[in-house]
Amino acid sequence: PPIKDNTVNANGDITSGAFIFPMTVWSTLIPRLTRLAKTYFAQVFVGSSWEYFFTLPIRVADWVGLDASVENGDVKIFLKSLILKENSESVLAQLQSLAEFCLLGLGVGAVRHGEVTRLTVRSFKWHNSYLYYWSESLKQGSLKGDKTPRLIEHRLSLSLSRVFLLTRYAFVASGCVESDAFMPAFAGASMLALVRDIFDLDSIPHMLNIRHFFTSIGNILLPDHNSDSTEGTVVSNVSLTEKSGHTQGTGRRAYATYLENSVEALYDMYHKSLGEVSLDPPVVRFTPFSDSLL
């Protein structure tokens with residue numbers, strides 16, 4: 001039988017290999033990351049004008065040229081008027097880690113890390129206050145496979161779209177990105193270390209653990225209607241599976257999430273169908289053997 005590396009329990013906690021991602025954390029990732037980004041911006045920007053880009057409607061006339069502004073009463077604040085503090089490279093590296101993590105899975109669908117690092121400024125589009133981006137899926141596999149790149153659309157949430165606008169401006173204003181590139185390459189950036197800290201893991205996970213974590217979220221939130229919990233696995237619906245660059249067959253074979261104690265659910269369903277009405281065992285006090293019996 002296949003090794004059940006990716007599982008979800010009744011509480012919604014996801015396990016990938018040796019790493020457990022509690023539902024109490026992953027179900028609040030967007031507000032957690034938004035708060036974290038704000039702590040970084042407070043260390044990167046002079047003053048507090050950047051905060052208006054979280055509270056007021058943003059007018060983005062040109063995403064590529066960073067022509068964006070907000071209006072606070074009669075005062076128009078341009079994105080380019082924000083001033084960066086000196087010697088903020090270490091904090092910018094943390095922003096890079098946060099941005100990489102968001103692009104891996106918070107735009108809906110699990111994106112490979114190599115696809116994230118290949119994104120350029122023109123891979124993104126600002127529309128109706130949301131930031132859309134297109135990853136290029138080209139997995140190197142069988143020689144029989146189609147080598148034509150597939151562009152897959154993703155969209156960040158409203159809060160994270162604001163985070164990314166400020167993040168990109170910080171990267172550009174610091175001079176740490178070249179020409180059309182979106183992501184810098186700070187030596188101190190470590191997306192995997194960020195994941196360890198967010199989920200309070202004992203050690204740094206592998207990139208594949210993160211990919212399986214995000215595909216498991218999709219499997220849980222939007223399962224295929226053909227999935228049956230009594231079969232022991234769930235896989236996301238076709239649309240979401242394709243957002244990860246997979247066919248439904250690949251999703252079922254390699255990225256399905258196993259349900260812990262699924263055999264118990266099978267027993268209950270079988271017995272319930274035969275008339276059993278008591279499905280919850282009574283609480284029985286455990287009495288250990290005495291030393292004399294042992």
Following the transitive rule for hydrophobic clusters with a side-chain heavy-atom cut-off under 4.5 Å over Ile, Leu, Val, Met, Phe, Trp and Tyr, establish whether [X] and [Y] coincide in one cluster.
X: L33; Y: L221; answer: yes
X: V163; Y: L56; answer: yes
X: L119; Y: I152; answer: no
X: W134; Y: L160; answer: no
X: V46; Y: F78; answer: no

Does [X] reach the main-chain N or O of [Y] with its side chain, forming a donor-acceptor pair under 3.5 Å?
X: Q96; Y: L92; result: no
X: T15; Y: I20; result: no
X: Y169; Y: L82; result: yes
X: N209; Y: H206; result: yes
X: N9; Y: N11; result: yes
X: R168; Y: V64; result: yes
X: K80; Y: D67; result: no
X: R155; Y: V108; result: no
X: R162; Y: I58; result: no

Please name all residues satisfying ring-ring contact (aromatic ring centres under 6.0 Å, His included) with F214, sequence neighbours left out, ordered by chain then number.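 F214 satisfies ring-ring contact (aromatic ring centres under 6.0 Å, His included) with F101 once adjacent residues are dropped.
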Non-neighbouring partners of F124 that pass ring-ring contact (aromatic ring centres under 6.0 Å, His included), sequence neighbours left out: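 Residues passing ring-ring contact (aromatic ring centres under 6.0 Å, His included) with F124: W63, Y133, F182.
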Greater than 12 external heavy atoms within 6.0 Å of [X]'s [atom1]:
X: I198; atom1: CD1; result: yes
X: R59; atom1: CZ; result: no
X: K85; atom1: NZ; result: yes

Fit a plane to each ring of Y130 and Y132, take the angle between them on a 0 to 90° scale, and name the class: parallel (under 30°), tilted (30 to 60°) or perpendicular (over 60°).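 It falls in the perpendicular class, over 60°.
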Do the rings of F19 and F21 sit parallel, tilted or perpendicular, given the 30° and 60° boundaries?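 Ring orientation, 0 to 90° scale: tilted.
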Please name all residues satisfying side chain to side chain contact (heavy atoms under 4.5 Å, CB included) with T257, sequence neighbours left out, ordered by chain then number.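 Scan of T257 (side chain to side chain contact (heavy atoms under 4.5 Å, CB included), adjacent residues dropped) gives V8, S216, N219, V234.
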With the side chain counted from C-beta on, respond yes when [X] and [Y] share a heavy-atom pair under 4.5 Å apart, and no when they do not.
X: V111; Y: L103; value: no
X: I220; Y: I14; value: yes
X: W126; Y: S161; value: yes
X: L95; Y: F186; value: no
X: L131; Y: L165; value: no
X: I204; Y: V195; value: no
X: H113; Y: I210; value: no
X: T167; Y: Y40; value: no

Could you please spell out the steps behind the side chain to side chain contact (heavy atoms under 4.5 Å, CB included) verdict for F45 and L166? CA-CA 10 Å; F45 293 116; L166 285 166; 4.3 Å; yes
Step-by-step side chain to side chain contact (heavy atoms under 4.5 Å, CB included) determination, W50 to K38: CA-CA 9 Å; W50 62 269; K38 287 180 178 180; 4.0 Å; yes
Just to verify, which of K243, E153, E115 counts as forming a side chain to side chain contact (heavy atoms under 4.5 Å, CB included) with S135?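 Exactly one option meets the side chain to side chain contact (heavy atoms under 4.5 Å, CB included) with S135, and it is E115.
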Value rounded to 0.5 Å, distance of [atom1] in [X] from [atom2] in [Y]:
X: S123; Y: M183; atom1: OG; atom2: CE; result: 10.5 Å
X: R196; Y: S190; atom1: CZ; atom2: OG; result: 7.0 Å
X: S27; Y: R32; atom1: OG; atom2: CZ; result: 7.5 Å
X: F164; Y: L106; atom1: CZ; atom2: CG; result: 8.5 Å
X: S88; Y: Q43; atom1: OG; atom2: CD; result: 9.5 Å

Test side chain to side chain contact (heavy atoms under 4.5 Å, CB included) on F53 and F41; report intermediate values, then the result. CA-CA 11 Å; F53 286 84; F41 293 141; over 6 Å; no
Output, in order, the C-alpha distance, side-chain angles, deciding distance and verdict of side chain to side chain contact (heavy atoms under 4.5 Å, CB included) for M191 and M207. CA-CA 9 Å; M191 184 272 294; M207 201 66 71; 3.4 Å; yes
